[in-house]
Number of protein chains: 2
Amino acid sequence: MGSRGQPEESRAAILQAAAKEFSENGIAGARTDAIARQARVNKALLYYYFKDKETLYGAVLDSAFSGMKTSVFQVLDSDLPPREKIMAYVGAYFDFIASNQIYPKLMQREMMRAREGDSLHIDRLVKTYFQPIYRRVGELLHKGIAEGEFRKVDAAHFISSMVAMIVFYFSSAPVMQRVVRFNPLTPQRIAERRAAVMDFISAALFLPCSSAAPSSRKSGVRQ
Amino acid sequence: MGSRGQPEESRAAILQAAAKEFSENGIAGARTDAIARQARVNKALLYYYFKDKETLYGAVLDSAFSGMKTSVFQVLDSDLPPREKIMAYVGAYFDFIASNQIYPKLMQREMMRAREGDSLHIDRLVKTYFQPIYRRVGELLHKGIAEGEFRKVDAAHFISSMVAMIVFYFSSAPVMQRVVRFNPLTPQRIAERRAAVMDFISAALFLPCSSAAPSSRKSGVRQ
DNA sequence: TTGCACTAATTAACCAGTTAGTTAGATTAT
DNA sequence: ATAATCTAACTAACTGGTTAATTAGTGCAA
């Protein structure tokens, strides 16, 4: 019976295994035994590091969303002009999700769990991650509109649409694969999606442009 | 204790209660006791009408998606020109989801469950409902492009984006409510969303309008 | 020799599914 | 008509497999 495997490693292994299990099965469908097995750790160790299943789930959510916040804030804190910044934000958000494909599922699942009383985590998540990002992107849109660069879109709805296009693509990929005849998650298809999202958003947001030509957008669309 | 409550009523009550329970909790989180209680029926009756929980879940999905297919095909079968038809399709789809708000959640949940082997239903659902709709909308987009009415978008990605904007809004409403300061599900907000989606899609899809020279696309934006 | 990291074994609760019926109305026999 | 029989519709109570969580420890390092 071992003892020392470096505590940080064990904790991290649990978190990672839990993230996978929760994203695939939701909190109700997730099995603590499966998490322990995947983390190559005794099940009781989950309860040594985390109070209970719900707390472990909360820790998984925090680690997921804090990574995302860091990613997009690097862009939001930069000082690009509105056009370039909104595209950079979409790109950063897309890239984060694309390289952490368990997150869109975690996010969707938590969103649907948020009926009142249900989720103990949602208030914290909203306050810590979603609100700050939402506020900044909202300001960015208003700035672009004020400067005559963007169409007069409704910020709340526009943000919702951007998030939808990115998150939904990955969370619905397993079904999409059966509807269309290709795997939507190959690097090439992902790159294509990225271009399509960028194209869709810029076409819907940017005004024909009074000033110079927008260099950022080229086409990204085929057929 | 009575026996006769009209079998059709009981069956329908079970289906309705199950739809609600499954949409709120997923199949793993749903409780058969809760379904029976909500349907005001003994739990054993669920097993009298349906083989097991999984089969009941399948019946719920079928009743949900067949309604949707009927709705949108009424539009897709009509003979409107491409612009009007795609907008009518989006409207019909939106209205169906808006007035059956458990469906977006059922849909999201089933989409995420579709990892290989997992869902017994997904193949049937795709073949019966998703494929036929996808095919028709794809043809519609290609027709619009060929006639120089639409920008040369990628059909698969464009459809994915349309569905995303509609489904995601409703499934993420509980969280959104905490991020913004209003309830996204009041009739007024829903109408607003409908307009925003229509605007977003038409801005991203329609060419500036003149039916000539579709090759020199530069903006594809109106208003 | 204390405290940290960890585990095997166990427990209590939960929950899908079953069983062994009951009830009410329709059908047939008288 | 009316009693006897049948069957669809329905239920109370139970079962056993599953699963989150606990307990009572062991090994090891400082």
Side-chain angles (χ1 to χ4, degrees), chain A residues 1-61 106 109-110 113 117-121, chain B residues 1-61 106 109-110 113 117-121:
Chain A
M1 313 162 194
S3 85
R4 204 101 318 193
Q6 235 64 317
E8 282 311 315
E9 276 182 34
S10 294
R11 223 190 103 102
I14 290 169
L15 263 180
Q16 199 181 336
K20 189 163 177 254
E21 178 75 6
F22 284 129
S23 80
E24 284 173 3
N25 305 103
I27 190 175
R31 295 294 158 240
T32 54
D33 290 285
I35 294 170
R37 184 160 19 87
Q38 253 209 324
R40 303 179 153 281
V41 140
N42 187 279
K43 185 166 57 141
L45 202 62
L46 312 192
Y47 297 90
Y48 178 70
Y49 285 115
F50 304 95
K51 186 168 153 282
D52 54 19
K53 194 188 187 186
E54 188 73 43
T55 306
L56 173 56
Y57 181 61
V60 165
L61 293 175
L106 284 175
R109 293 212 138 93
E110 191 53 20
R113 219 164 84 94
D118 271 22
S119 174
L120 310 159
H121 311 295
Chain B
M1 313 288 150
S3 82
R4 207 98 322 188
Q6 237 62 315
E8 283 311 315
E9 276 181 35
S10 295
R11 223 191 103 103
I14 290 169
L15 263 180
Q16 199 181 336
K20 188 162 178 257
E21 178 76 7
F22 284 130
S23 80
E24 284 172 3
N25 304 104
I27 191 175
R31 296 293 158 244
T32 54
D33 290 282
I35 294 171
R37 184 162 16 89
Q38 254 211 321
R40 304 177 151 280
V41 140
N42 186 279
K43 184 167 57 142
L45 202 62
L46 310 192
Y47 297 91
Y48 178 70
Y49 285 115
F50 303 95
K51 186 167 152 284
D52 54 19
K53 196 188 185 186
E54 187 73 43
T55 306
L56 174 56
Y57 181 61
V60 164
L61 293 175
L106 283 174
R109 293 212 137 92
E110 191 55 20
R113 219 165 83 95
D118 271 22
S119 174
L120 310 158
H121 311 294

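We use all heavy atoms of the structure for the numbers below, so side chains are in, but hydrogens, waters and symmetry mates are not. Keep in mind it's a predicted model, so treat the numbers as computed, not measured. Per chain, numbering begins at 1; letters A, B, ... match sequence-line order.
- Protein atom CZ of R37(A) is 11 Å distant from nucleotide atom P of dT19(D), rounded to whole Å.
- The side chain to side chain contact (heavy atoms under 4.5 Å, CB included) search around Y48(B) returns L45(B), not counting sequence neighbours.
- Taking only side-chain nitrogens and oxygens, S10(B) never comes nearer than 4.0 Å to OP1 or OP2 of dA9(D).
- At a non-hydrogen distance threshold of 4.0 Å, K43(B), A44(B), Y47(B) from residues 42-51 of chain B come into contact with DNA chain C.
- The CZ atom of R11(A) sits 12 Å away from the P atom of dC6(C) (whole-angstrom rounding).
- Looking only at side-chain heavy atoms (C-beta outward), L61(B) and F22(B) stay at 4.5 Å or farther from each other.
- Here the C1' atom of nucleotide dC10(D) and the CD atom of E9(B) are 14 Å apart, to the nearest Å.
- At a threshold of 4.0 angstrom between heavy atoms, the contacts of A30(B) are confined to the sugar-phosphate backbone, with no base atom among them.
- We find the CG-CZ distance between N25(B) and R109(B) to be 7.0 Å, quoted to the nearest 0.5 Å.
- Checked for salt-bridge contact, E110(B) and R113(B) meet the test: a charged N lies under 4.0 Å from a carboxylate O.
- Side-chain contact between Y49(B) and L15(B) is absent, with no heavy-atom pair separated by less than 4.5 Å.
- Straight-line distance from the CZ atom of R40(B) to the C1' atom of dA9(D): 18 Å, rounded to whole Å.
- Counting non-hydrogen atoms of other residues, nucleotides and ligands closer than 6.0 Å to NZ of K20(B) gives a total of 12 or fewer.
- In this structure, NZ of K53(A) is placed 5 Å from P of dA20(D), rounded to the nearest angstrom.
- Here the P atom of nucleotide dC4(C) and the CD atom of E8(A) are 14 Å apart, to the nearest Å.
- Put simply, T32(B) has no side-chain N or O that comes within less than 4.0 Å of OP1 or OP2 on dC15(C).
- Nucleotide dA8(C) holds its C1' atom 13 Å from the CG atom of D33(A), rounded to whole Å.
- In this structure, the nucleotide among dT19(D), dA16(C), dA21(D) sitting nearest to the side chain of D52(A) is dA21(D).
- Look at R31(B) and you'll find a side-chain N or O under 4.0 angstrom from OP1 or OP2 of dA16(C).
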Donor-acceptor contacts, no H, no angles, side chain residues 26-43 of chain A, under 3.5 Å, sequence neighbours left out:
unit_1	atom_1	unit_2	atom_2	d
R31(A)	NH1	A28(A)	O	3.4
N42(A)	OD1	A44(A)	N	2.8

